[in-house]
Amino acid sequence: AAVRSYTALAACGAGWVSDLVRRHGRMRTMQLMLGTLAVGCVLIVKEALPFFGGAASEGGAAAPQDGYLSLQATEPSARVLAGADRRDASASLREAMAAPQVASLAYATNASHRTGSARPAALSTAPGMIHAGGHTSSAPIQRWATAVTAIGGNVSAAAAAKRTSYASTGPVPWTGGEPPFIALGIVSNVMWADSFARRRWIRQTWKTYSNVGRTMHVVFIVGMLQSDLSPIPGEVEQKLRAEAAEHGDLLLLDDVPERKSPCLKTMAWFRHAVHTYSGATFIAKTDDDAFVQTIKLEANIRPFTQTPRVYIGSTLWGSFVTKTFEPCARRMGPNMCAGGMKEENCVQKGAIGPYPYAVGMLQVLSYGVAAWMVQQDAFLDFEQRATAATRPPMMTQGEDMVIGMFLYLSPWPLMPLHWGWDKLHDLCFKCTRKDQIWRPITVQTVVAHHIANEQIITEVFRNITHGSHFDPRPCDDACQQKLLPFEVTSLEDLCSRAGGSIRKVYSKCALVPK
C-alpha cells in the first residue's frame, strides 16, 4: 500500500515538474527532484520494510513468527516485552507471571503487532530458550523478564538489540561446569604504564585462591579505545591480544574508551556479564589495584542466595549531576551529605540524591538487579553520552556513584548493605584509627584497596594468610569461612537510625513503614 501511494504521488507530480522547468530552469529543477526522490526513498523504506519482514527504520529486529507477550510491570510507566512460542504460550505465561514485578500480561499475534512501523521489541523464544537482538540464552523467562524492564515506556527493538550486544574479543568462557556463583570483573586501565604488571600480580596472588575457576569466574576488563575514541596504540593492542590468548581471562571491549574513570568499563562489564553469565547468582566488580580474598567473599555472599534483590559493598553518600557527569557532596553519611548538597548547591545543579552507594573497590549485585539496571533507557542514554563526551564536561570520576544512582532510581526498597570499613578498606599498614576507611590487614579483611606495587600485594597476600604485625592471627579455613557481620543490614535498619533524621533526607525511606 505504501509503495502504491508513493508511486501515485510521483505520477501526479509530473505537472509540477513541468511548471518548475518553466519557472526555474532545468538545473534548479533537477536539484529539487533529487531532493524529493531522496525523501521519498526514505519514507518508502520506513513504511514498506515491516511488511516484508525486514527491520523497522529504528533498526529493530524482525517480529517473531508466533507473536509476543506483553508483561505489564507493577510501575505504571514500566513495560516488559518478551517473546513466546505459541505452542508453549501457556507454560510461558505461567512462568512469566511468577516474576515478582509482573502484575498483568497479555498475548498478541503478529497481525496486531505489525499495525505500525514504530514497533515495540519483538523477542522470540524456543522451548527453554530466549532470543533477543541476535543473542540466545537458556535463562528462564522469570529471570529474563526482570532483565528487559524499561522505565519510561516500551522497549524499542533497537534499544533491546543494543542492550544485549557488545563489541568485544571474547566473551571469556566459563569452563567450571555449573554456572559461576559469582562473576567478578576487574577493571584494568591499559593506558597506565603498569597495567600489564598489575594483572600479573593478581594472577600470582589472589587469583590462586581455590574457588577461582570453580565457583567464581574472575575476568579482567579492558577498553580498546583511547579517551578521544581513537584506537589504542598498535603495540599495546598486540600485547593485549597475546595476553588474552595466553591466559584466557581478558575481556577486550572494542568500543569502550580507557579514561580516568572506569565508569564506562564498569557499565559495559555489567551489561556483558548479564548476557554472558546468565546462570550466575551474583555479578561483582572490583579494581586492578585491589586485593580480594575470594573465599571470604563467597562465604559471606552465599547467605544472600535466596534474597530477591541484593546490592552489597561498603558505602559512602552523595548525589550526581547526570548532565555534566559531576559528583556532588560526597560524604561519609546521609546527614552529612544532605548538608553538603546545600553547601555545593547540588539541587540547583540538577543533582540526583542524596543516596548511598557501594564504593568502587567492591560492588556486588544479584543477577536480577544487574539485569534490571542494564536494561534501563537511562542507563543506555548515560552510557552513550558519556562515551561521546571526549571534552569537558566528561565522565572523569564517580563511577561507583553512577551505579549507585541507577539502583537508587529503582522502584524497589533497595540500598547497598554496608559491610563495614574493617572488611572493605583502603590499605594502610600502620593506621590504627577506626573512624576512617584506611585500615591495616586483619582477619576481617575481605578487600584491600590501593595496592601500589608487587611488593605490597605480595605482603598483603602473606598478611591475609599468615597474619600481620597488627593482627598476627593466621586466617585458616575456619577463618576464611567465618561470616562477618554487616553494619547496616537493611533499608529498615538504616531508616530507623539517627533518631529518624535519615527519613527526612533519604527518599527511599518512604518505602519503609514507620
Side-chain angles (χ1 to χ4, degrees), residues 133-135 137 147 162-176 179-192 194-203 206-207 212-227 229 231-233 236-259 261-280 282-290 292 294 360-365 367 370-371 373-374 379-380 383 386-387 399 402-403:
H135 301 287
S137 169
K162 171 65 177 176
R163 291 175 187 132
T164 55
S165 67
Y166 50 87
S168 65
T169 299
V172 179
W174 168 250
T175 58
F181 179 67
I182 300 175
L184 174 62
I186 310 169
V187 294
S188 184
N189 193 325
V190 299
M191 301 311 293
W192 293 346
D194 64 349
S195 79
F196 289 89
R198 289 186 183 211
R199 293 188 293 277
R200 185 181 73 250
W201 305 337
I202 290 173
R203 292 188 185 104
W206 63 265
K207 268 200 77 177
V212 174
R214 296 179 62 187
T215 54
M216 185 178 296
H217 193 32
V218 179
V219 177
F220 293 100
I221 307 131
V222 168
M224 298 298 280
L225 300 179
Q226 298 188 74
S227 181
L229 303 182
I232 62 174
V236 176
E237 179 181 356
Q238 186 176 4
K239 288 178 63 178
L240 282 170
R241 298 198 183 280
E243 180 184 352
E246 178 182 359
H247 296 284
D249 61 357
L250 206 57
L251 176 65
L252 307 181
L253 297 166
D254 296 332
D255 56 357
V256 175
E258 291 285 4
R259 290 183 179 152
S261 168
C263 181
L264 291 168
K265 284 183 293 188
T266 299
M267 297 176 79
W269 160 247
F270 280 116
R271 180 157 48 88
H272 168 87
V274 163
H275 164 69
T276 307
Y277 311 116
S278 60
F282 294 96
I283 299 172
K285 172 265 174 187
T286 189
D287 300 325
D288 68 355
D289 63 344
V292 182
T294 59
M361 72 175 83
L362 183 70
Q363 300 162 310
V364 181
L365 279 61
Y367 180 92
M373 177 181 69
V374 302
F379 187 93
L380 180 60
E383 191 176 21
T387 300
E399 150 267 328
V402 171
I403 299 301

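Keep in mind that this is a model prediction, so the values were computed, not measured. Excluded from the calculations below are hydrogen atoms, water molecules and symmetry mates; all remaining heavy atoms, backbone and side chain alike, are included.
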**Student:** Using side chain to side chain contact (heavy atoms under 4.5 Å, CB included), reason through Glu383 and Arg271 one step at a time and then give a plain yes or no.
**Tutor:** CA-CA 11 Å; Glu383 191 176 21; Arg271 180 157 48 88; 2.8 Å; yes
**Student:** Arg203: what forms a side chain to side chain contact (heavy atoms under 4.5 Å, CB included) with it, not counting sequence neighbours?
**Tutor:** Arg199, Lys207, Phe220, Glu243, His247, Asp249
**Student:** Can you list everything that forms a salt bridge (charged side-chain N to carboxylate O under 4.0 Å, His left out) with Asp288? Sequence neighbours excluded, please.
**Tutor:** Arg198
**Student:** Run Ile202 and Ile186 through side chain to side chain contact (heavy atoms under 4.5 Å, CB included) and show every step you take.
**Tutor:** CA-CA 10 Å; Ile202 290 173; Ile186 310 169; 4.2 Å; yes
**Student:** I'd like to check Gln238 versus Val236 (side-chain heavy atoms, cut-off strictly below 4.5 Å). Are they in contact?
**Tutor:** no
**Student:** How about Lys265 and Asn189: do any of their side-chain heavy atoms sit closer than 4.5 Å?
**Tutor:** yes
**Student:** Checking Pro257 now: which residues fulfil side chain to side chain contact (heavy atoms under 4.5 Å, CB included) with it, not counting sequence neighbours?
**Tutor:** Leu225, Leu229, Arg259, Leu264, Thr387
**Student:** Please give me the minimum heavy-atom distance between Tyr277 and Tyr367, naming the atom from each residue.
**Tutor:** O-CE1, 3.6 Å
**Student:** Would you please name every residue forming a ring-ring contact (aromatic ring centres under 6.0 Å, His included) with Trp174, sequence neighbours left out?
**Tutor:** His217
**Student:** Tell me the closest heavy-atom pair linking Glu399 and Pro262, and the distance in Å.
**Tutor:** OE1-CG, 3.8 Å
**Student:** Would you name the heavy atoms of Ala280 and Pro179 that are closest together and state the gap between them?
**Tutor:** N-CB, 4.3 Å
**Student:** Could you check Lys239 against Val190 for side chain to side chain contact (heavy atoms under 4.5 Å, CB included), going step by step and ending with a plain yes or no?
**Tutor:** CA-CA 10 Å; Lys239 288 178 63 178; Val190 299; over 6 Å; no
**Student:** Atom OG of Ser188 and atom CG of Asp289: how far apart are they, to the nearest 0.5 Å?
**Tutor:** 9.5 Å
**Student:** Could you tell me which residues satisfy side chain to side chain donor-acceptor pair (under 3.5 Å) with Thr215, sequence neighbours excluded, listed by chain and number?
**Tutor:** Glu298
**Student:** Determine yes or no for a side-chain-to-main-chain donor-acceptor pair under 3.5 angstrom, with Thr286 supplying the side chain and Met361 the backbone.
**Tutor:** yes
**Student:** For Ser261, give me all partners under side chain to side chain donor-acceptor pair (under 3.5 Å), at least two apart in sequence or on another chain.
**Tutor:** none
**Student:** Check side chain to side chain donor-acceptor pair (under 3.5 Å) between Gln226 and all other residues, then give those that pass, not counting sequence neighbours.
**Tutor:** Ser230
**Student:** Under the side chain to side chain donor-acceptor pair (under 3.5 Å) rule, collect the residues that match up with Asp287, sequence neighbours excluded.
**Tutor:** Lys285, His449
**Student:** Test of understanding: with salt bridge (charged side-chain N to carboxylate O under 4.0 Å, His left out), list the residues that count as partners of Arg214, not counting sequence neighbours.
**Tutor:** none
**Student:** Nearest heavy-atom pair of Met191 and Pro233: which atoms, and what distance?
**Tutor:** CE-CD, 4.1 Å
**Student:** Where is the tightest heavy-atom contact between Val256 and Ala268, given as atom of each residue plus distance?
**Tutor:** CG2-CB, 4.0 Å
**Student:** Please list, chain by chain and in numerical order, all residues satisfying ring-ring contact (aromatic ring centres under 6.0 Å, His included) with Phe379, sequence neighbours excluded.
**Tutor:** Phe406
**Student:** Is a side-chain N or O of Trp269 found less than 3.5 angstrom from the main chain of Ala284, in a donor-acceptor match?
**Tutor:** yes
**Student:** Once you round to the nearest 0.5 Å, how far does CZ of Arg200 lie from OG of Ser195?
**Tutor:** 11.0 Å
**Student:** For Phe270, which residues count as a ring-ring contact (aromatic ring centres under 6.0 Å, His included) partner, sequence neighbours excluded?
**Tutor:** none
**Student:** Do Met373 and Met267 have side chains that approach each other closer than 4.5 Å (heavy atoms only, starting at C-beta)?
**Tutor:** no
**Student:** Can you name the closest pair of heavy atoms from Ala244 and Leu252 and give their distance?
**Tutor:** CB-CD1, 4.3 Å
**Student:** Any heavy-atom pair between the side chains of Pro180 and Phe282 that's under 4.5 Å?
**Tutor:** no
**Student:** Tell me which one of Val364, Val274, Leu184, Ile182 satisfies side chain to side chain contact (heavy atoms under 4.5 Å, CB included) with Ile283.
**Tutor:** Val274
